Every structure is written in structure tokens, then in C-alpha cells.
Novice: 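So that we are looking at the same thing, I have put the structure below in C-alpha cells.
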Amino acid sequence: MKVLVIGSGGREHALAWKLAQSSRVETVYCAPGNGGTAVNVPIPATDIPALRDFALREGIGLTVVGPEAPLVEGIVDTFGEAGLRVFGPNKAAARLEGSKIFAKETMSAAGVPTADYAVFESADAALGWLHEQPADKPWVVKADGLAAGKGVLICDNRADAKAAVRQTMVAREFGSAGDRIVIEERLSGYEVSLLAICAGREFVTLAPAQDYKRIGEGDSGPNTGGMGAYSPIPTFPQELLDFAQEKVITPMLRAVDFTGVLYSGLMITPTGPSVLEFNVRFGDPETQVVLPRLETDLLDLLEAAVDRRLGAVEPRWSPRKAVTVVLASGGYPGDYAKGKPINGLDAAGTLPDVTVFHAGTKREGDRIVTNGGRVLNVTALGDTFASAIDRAYAAVGKISWEGMTFRRDIAARVRE
Ligand code: AMP
Ligand code: GLY
């Protein structure tokens, strides 16, 4: 089978890498792909008609969509109308990520635990409401629409929340994504990314993973797309998994007809798990630690979802620990330079139990240069977290480019 992976990040490299291990896969195309993916097709992830035409022309047997934007735009509907097989939710279901208000309202109606919230359509209404709230209560202000992961503002108190409302609705920093907002209670606890492959009411959960969202060590500084991850999560016991399956995933699948990955971003609070958000796709960088632990065929699993026979498959997981460290361009998540030649990729990638997934890279002749904020994801496996961490950082130590930065504390909290 020919398979097409849409997207260009580390998640897509990991998907392509795992799919290529299937004995039934002949070629994995990536559109547009990056410097690490083998067979790239120069079509942007949001050019849905061109992607459809390519898939028809090449006889693609399955398309796997990485990023949220084409899902929210309706790529699955377009491919379906053309008779193409595609893994992902349709446009209606993708609203769970495309509209935070839709997600909150669906959760409320389905009785899924989530932070208390209010919805506003104007800055005046939001500011007036905040003014009535206690001065020291912490909030989270969220733009309703897609904002490349930047539309969520974590606020320590009312004054910060008011500033966040102005940033979103007056300065319009996230454009029309901020026409409507959600203001919700800020929860505390630890976060878990729980991904489930879903088809109608059936689902299979993937191994839980933990992501590091902040740029700085000790979880300081601004949010990013993710600076590292590990899997499994030693503090996520079976009872919590059962809870998430019964109280989150099952009711959501009753409320929304969903095929694809439902990613529940959970906060494990002192009073139990609460949903922070849903994504409708694989997590990045969670995928880079989840797929290396999957011992069974990814194509089988994704096809079973598309064909609505998930009950027939059972993924098997390695007990080994996986850690990924994101190497970023200096300045990220703010402005950064591109086009810096990367050294040491071969030396790092040939270490035992190490895989270097590319994200913001591109091939220029016979060298690889930086081409984005998050550049590489260095993933390692080990029988213990200590060995996985040491292997990942040993590989990081072989790689360099001008301005490279990374967090040194990835998975440190679970080191035995
Ligand atoms: P999102 O873009 O919705 O994934 O949110 C990004 C991040 O913001 C989450 O992963 C959390 O770290 C944080 N966050 C979102 N909602 C809340 C909340 N209600 N309380 C505390 N943190 C939150
Ligand atoms: N790792 C966070 C995300 O994929 O949205």
C-alpha cells in the first residue's frame, strides 16, 4: 500500500517512520514533509484540493493527517467524497479542537469533568464580568478558534486576565480566532496527554504520555508547542485510565460521531481528572514517545479505525521507557533564525536505542539545515527512565548548530 502522511513536524516524521515498518506498506509519502522524511511531496498541508488530486493520481491507500488545520478545514470530508480512505475526524467532529466553546459546551452537556467557564463575545462583557470576580483568583483566557497553540493565556490573577482579554479581543493578537473567548478557572495538578484511536463508539487508548509545554527548565517562561515528552507515566495508575475511559472518552464519543485520534489533555487535580482541552490529532511531541513503544502494526490500527472494526485489534506496548528531547532554534518561541547547518546527525542517530525525528529541518543539497523553531526530537528508549534519559542526552550532545537550545530537565521528575 502507498500511504500519505500530511504535515511537516516531528509527529509526522514519527508517523511515517512507524508506518514504514509495516510489511504491507510500500511507500510513505509526506506532504510537505521535512529534512528527515524520505519521500516528500511539495504540497502544503492546507492545500486540500492539491492533496486530494495527488492521492487520487498516486493511488494512495490510506492518508494520515497530522496537523489540526486541514482537519478543521474539512480534509476528511473532501477525501471521503473523492472515495479516498483517510484517517482523521470529519469537519464537524474536528470542531472539538477548532472551537474551544464547542468543546466546552459538548463536555458540559455530556457531563464530562472540566473547569468551570464563561463564554464572551465582546471585550466589554468579559472585562465587566472579570471585574466582579475576586482580585487574586487565577484564570485561563482562551481564544475560541485555532491559534497555533498560542491562544491560551495562563493568568495569575484578575489583572492578568483583563490584560489577556485585551490582548485577545482588543489588540486581536490571534485574529478572528479571538472573536469569542472562554474564561475558565485555572486548575492545578499534573497534566497527562491521553490519546485514543476512535471509530464511532469504539476506541483504543494509546500509552499515556507527558509533555513539557514551557520553554524553560523547571517549567518557566512562555508556552511552546512542546519541548519534550516521556511515556509511560508512572503516576498515572489504572484507576485513572479507567476513569478517563468511562467519564471522558465514552461520553464524548456518544456526543460526537468521531473517527480518528481523540487527544484528551487532562489535568489530574487533587479532586480527580479534569479535561483541559481536546485535540483531534496525534500530539506533538507525545507521538515521538508513544509510537516507539508500540510493538504492533500502526497501519493495522489506523485501518481498523477507518473501517470501523477497532474491536478486532489490540495494540501491544513495550514496557520500556521512552524520552524525547526537543532541540529548538535560539529565540523560539519568539523570533529565531533559519538556515543554520546542523552537525552530528549521523553520530547521534546511530547510537543504540536512539531515533532522531526531524521537525523544522530541510535538506539543502547533501546537508540538513534548520527551518523552524522546533528543529529535532531526539528520542531514546531504555529499560529504566534513567537509561532512556542518559541515552537521549548523550545523543543530544553529538548534535549542534549555531543557536541550538533545549531543556536539560526532560523526564527528570521520573528518573528513578
Ligand atoms: P491548550 O492550548 O488548550 O492545549 O492549552 C495549553 C495549555 O494551557 C494546557 O496544556 C495547560 O498547560 C494550560 N491550561 C489550559 N487550560 C487550563 C486550565 N483550566 N487550568 C490550568 N492550565 C490550563
Ligand atoms: N503536545 C501538545 C499538542 O500536541 O497539542
Side-chain angles (χ1 to χ4, degrees), residues 7 9-12 14-15 65-69 71-72 94 96-104 107 112-118 137-157 160-161 164 168 174 177-178 181-195 206 208-215 219-231 233 260-271 273-291 324 326 328 333 357 359 373-374 377 407 410:
R11 163 184 55 206
E12 286 77 14
L15 285 164
V65 186
E68 61 275 14
L71 292 167
V72 171
L96 284 178
E97 179 163 359
S99 167
K100 297 213 189 289
I101 296 172
F102 175 70
K104 292 295 283 192
M107 283 190 267
V112 171
T114 188
D116 285 341
Y117 69 103
K137 190 170 161 146
W139 300 101
V140 180
V141 175
K142 301 183 172 183
D144 176 52
L146 291 185
K150 299 193 186 103
V152 173
L153 302 168
I154 311 288
C155 306
D156 287 335
N157 51 45
D160 282 2
T168 308
F174 316 114
I181 61 168
V182 174
I183 302 183
E184 68 180 38
E185 273 185 332
R186 178 166 164 187
L187 304 176
S188 52
Y190 67 92
E191 285 182 51
V192 171
S193 305
L194 184 62
L195 281 62
L206 304 183
Q210 196 147 41
D211 170 19
Y212 286 77
K213 291 237 159 68
R214 312 287 282 273
I215 185 73
D219 295 328
S220 58
N223 262 348
T224 69
M227 293 303 293
Y230 63 84
S231 175
I233 305 179
V261 178
L262 183 65
Y263 166 139
S264 307
L266 304 174
M267 181 74 91
I268 312 304
T269 76
T271 56
S274 181
V275 177
L276 297 178
E277 55 152 352
F278 288 110
N279 295 318
V280 298
R281 48 164 179 81
F282 286 97
D284 188 346
E286 289 91 333
T287 304
Q288 293 87 305
V289 287
V290 169
L291 294 183
T324 193
V326 172
F357 295 116
R374 292 189 299 161
N377 312 143
R407 279 181 65 162
I410 302 304

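Counting starts at 1 for both ligands and their atoms, following the listed order. Just so it is clear, the model here is predicted, and its values are computed rather than measured.
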Novice: Write out the residue and atom name of the closest protein heavy atom to atom 17 (C) of ligand 1, then the distance separating them to 0.1 Å.
Specialist: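 Checked against all protein heavy atoms, atom 17 (C) of ligand 1 sits closest to Leu276 CD2, 3.4 Å.
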Novice: Which of the atoms of ligand 1 are close to Arg186, meaning less than 4.0 Å from one of its heavy atoms?
Specialist: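 Listed by number with element: 20 (N), 21 (C).
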Novice: Would you say Gln210 and Tyr230 make side-chain contact, with heavy atoms under 4.5 Å?
Specialist: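 They are in side-chain contact.
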Novice: Applying a heavy-atom cut-off of 4.0 Å, say which part of Lys142 lies close to ligand 1: side chain, backbone, both or neither.
Specialist: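 Side chain only.
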Novice: Would you call Gln288 and Arg11 a side-chain contact if the rule is heavy atoms closer than 4.5 Å?
Specialist: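 In short, these two side chains touch, coming nearer than 4.5 Å.
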Novice: Examine Leu187 against ligand 1 and note whether any of their N/O atoms are separated by less than 3.5 Å.
Specialist: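 Between Leu187 and ligand 1 (N or O atoms, distance only) the closest approach is under 3.5 Å.
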Novice: Is there a side-chain contact between Glu191 and Leu266, using heavy atoms and a 4.5 Å cut-off?
Specialist: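 The answer is no; the side chains never approach within 4.5 Å.
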Novice: So, do Lys150 and Pro333 sit near enough that their side-chain heavy atoms are less than 4.5 Å apart?
Specialist: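 The answer is no, as the side chains (C-beta and beyond) never meet within the 4.5 Å cut-off.
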Novice: Under 4.0 Å from a heavy atom of Asp211: which atoms of ligand 2 are those, numbered in the order shown and with their elements?
Specialist: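 Numbered from 1, ligand 2 contributes 1 (N), 2 (C).
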Novice: I'd like to check which ligand 2 atoms, numbered from 1 as shown, lie under 4.0 Å from a non-hydrogen atom of Glu286.
Specialist: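 Answer, ordered by atom number: 1 (N), 2 (C), 4 (O).
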Novice: Out of Glu277, Arg281, Met227, whose heavy atom is nearest to atom 5 (O) of ligand 2?
Specialist: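 Shortest heavy-atom distance from atom 5 (O) of ligand 2: Arg281.
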Novice: Does any non-hydrogen side-chain atom of Leu153 lie less than 4.5 Å from one of Phe174?
Specialist: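 Phe174 vs Leu153: side chains touch.
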Novice: Any side-chain heavy-atom pair from Glu286 and Leu206 closer than 4.5 angstrom?
Specialist: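 With C-beta onward as the side chain, the pair stays apart.
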Novice: What protein heavy atom sits nearest atom 2 (O) of ligand 1, and how far away is it?
Specialist: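 Nearest neighbour among protein heavy atoms for atom 2 (O) of ligand 1, to 0.1 Å: Val152 CG2, 3.2 Å.
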Novice: Kindly determine whether Arg186 and Ile154 satisfy side-chain contact (heavy atoms from CB on, under 4.5 Å), including the steps that lead there.
Specialist: CA-CA 8 Å; Arg186 178 166 164 187; Ile154 311 288; 3.3 Å; yes
Novice: Looking only at distances, please establish whether an N/O atom of ligand 1 is found under 3.5 Å from an N/O atom of Glu184.
Specialist: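 There is such a contact, yes.
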Novice: State whether Asp219 and Arg407 are salt-bridged, where the test is any N-O pair (Lys NZ or Arg NE/NH1/NH2 against Asp/Glu carboxylate O) under 4.0 Å.
Specialist: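 Between Arg407 and Asp219 there is a salt bridge, with a charged N closer than 4.0 Å to a carboxylate O.
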Novice: For atom 13 (C) of ligand 1, what is the nearest protein heavy atom, given as residue, atom name and distance?
Specialist: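 For atom 13 (C) of ligand 1, the nearest protein heavy atom is Ile154 CD1, 3.5 Å.
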Novice: Only heavy atoms count here, so choose which of Asp284, Asn279, Thr224 is nearest to atom 4 (O) of ligand 2.
Specialist: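 Of the listed residues, Asp284 has the closest heavy atom.
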Novice: Can any side-chain N or O of Glu97 pair as donor or acceptor with the backbone N or O of Ala94 at less than 3.5 Å?
Specialist: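 No.
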Novice: Got a salt bridge between Glu277 and Lys142, using NZ or NE/NH1/NH2 to carboxylate O under 4.0 Å?
Specialist: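 Not counted as a salt bridge, because no side-chain N and carboxylate O are separated by less than 4.0 Å.
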Novice: I need the nearest protein heavy-atom contact for atom 12 (O) of ligand 1: residue, atom name and distance, please.
Specialist: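 Of the protein heavy atoms, Glu191 OE2, 2.4 Å lies nearest.
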Novice: Using a heavy-atom cut-off of under 4.0 Å, does the side chain or the backbone of Asn279 touch ligand 1, or both, or neither?
Specialist: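 Neither part.
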Novice: What atoms of ligand 1 come within less than 4.0 Å of a heavy atom belonging to Lys213?
Specialist: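 Counting from 1, the qualifying ligand atoms are 10 (O).
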Novice: Below 4.0 Å from any atom of ligand 2, is there a heavy atom belonging to Gly283?
Specialist: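 So Gly283 counts as touching ligand 2.
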Novice: Report yes if some heavy atom in the side chain of Lys100 is under 4.5 Å from a heavy atom in the side chain of Val152; otherwise report no.
Specialist: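 Yes, close enough: below the 4.5 Å cut-off.
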Novice: Answer side chain, backbone, both or neither: which part of Glu277 comes under 4.0 Å from ligand 1, heavy atoms only.
Specialist: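 It is the side chain that touches ligand 1; the backbone stays farther off.
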Novice: So which heavy atom in the protein is nearest atom 7 (C) of ligand 1, and how far is it from that ligand atom?
Specialist: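 For atom 7 (C) of ligand 1, the nearest protein heavy atom comes out as Asn223 ND2, 4.0 Å.
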